[in-house]
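A short write-up of the structure that comes next.
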Amino acid sequence: MVDYLANTEINSQRIAAVESCFGASGQPLALPGRVLLGEGVLTKECRKKAKPRIFFLFNDILVYGSIVLNKRKYRSQHIIPLEEVTLETLPETLQAKNRWMIKTAKKSFVVSAASATERQEWISHIEECVRRQLLATGLQPSTEHAAPWIPDKATDICMRCTQTRFSALTRRHHCRKCGFVVCAECSRERFLLPRLSPKPLRVCSLCFRELAAQQQKEDVEEQGLGSPGPSAYLAGAVCGASSGDDDDSDEDREGSGDADWPSRVEFYASGVSWSSFHS
Ligand SMILES: [Zn+2]
Ligand SMILES: [Zn+2]
């Protein structure tokens, strides 16, 4: 694919440019054998609204961040190892076309490209990289994925009790297990979801019942006929009652200036179709 780019000067320069745009807010990205394959602005469906985000596709990781000044300054860097990624094409909505979901065990989210062709390019290149990463690492494709958070605007009422109406005073919360938007009353419980966090997290009442029942079943199986003791997971639900606040590290802080960047993709081989890399 792009193996010939590994350890070339041009590749090092491109990676250095990305590092410099993130500055001190980002991680070092240069690694022997790592190749930067492309970049582009995609629209990411965040909790409050859809926002432009800069994405960089490397042969082993996908990096994204928010845009302070295009091609100059980025922040809030996120790094996703590609061997953990699976993609799912999504139907269009009234607000967005060319959507797909990027799913990992820790976090799943929806992005969209400016055109169907761009979406296809992103998907085929990411999938090719994932395939190669799995081959290289000997890992299996991941099967369990975090539920994407349903955007706040998707509902005015709690998706569990369907009674509570949200307002300035009645806050929306997100269940970390199913991603539903729920009221405080319907998300009193916390549960340890080790894939997501070492701390117990907010879950909705339905997920809590399911998780607790499942945990109890596992405890009983583990302990044979002995009486099931209180599970660590359930204990976590009690002592962790203060954690699980609704912070979404990906949300912009107030007053950030990245609102109006066009959603478009620029691959390095501009003017040349990306598939020329595959030969
Ligand atoms: Zn509710
Ligand atoms: Zn739930």
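First listed ligand is number 1; within each ligand, the first listed atom is number 1.
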With a cut-off of 3.5 Å and sequence neighbours excluded, list every side-chain donor-acceptor pair involving residues 17-27.
| from | atom 1 | to | atom 2 | distance (Å) |
| --- | --- | --- | --- | --- |
| Glu19 | OE2 | Leu29 | N | 2.5 |
| Glu19 | OE2 | Ala30 | N | 3.0 |
| Ser25 | OG | Phe22 | O | 2.6 |

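Taking the six-membered ring for Trp and the full ring otherwise, Tyr64 and Phe109 have centroids separated by under 6.0 Å.
Using a 4.0 Å cut-off between charged side-chain N and carboxylate O, Arg195 and Glu144 make a salt bridge. No salt bridge links Lys177 with Glu210; every basic N to acidic carboxylate O contact stays at or beyond 4.0 Å. The existence of a salt bridge linking Asp152 and Arg171 is excluded, since no basic side-chain nitrogen approaches an acidic carboxylate oxygen closer than 4.0 Å. Classification of Arg131 and Glu127 as a salt-bridged pair fails, no side-chain N sitting under 4.0 Å from a carboxylate O.
Closer than 2.8 Å to the Zn ion (ligand 2) sit the protein N, O or S atoms Cys175 SG, Cys178 SG, Cys204 SG, Cys207 SG.
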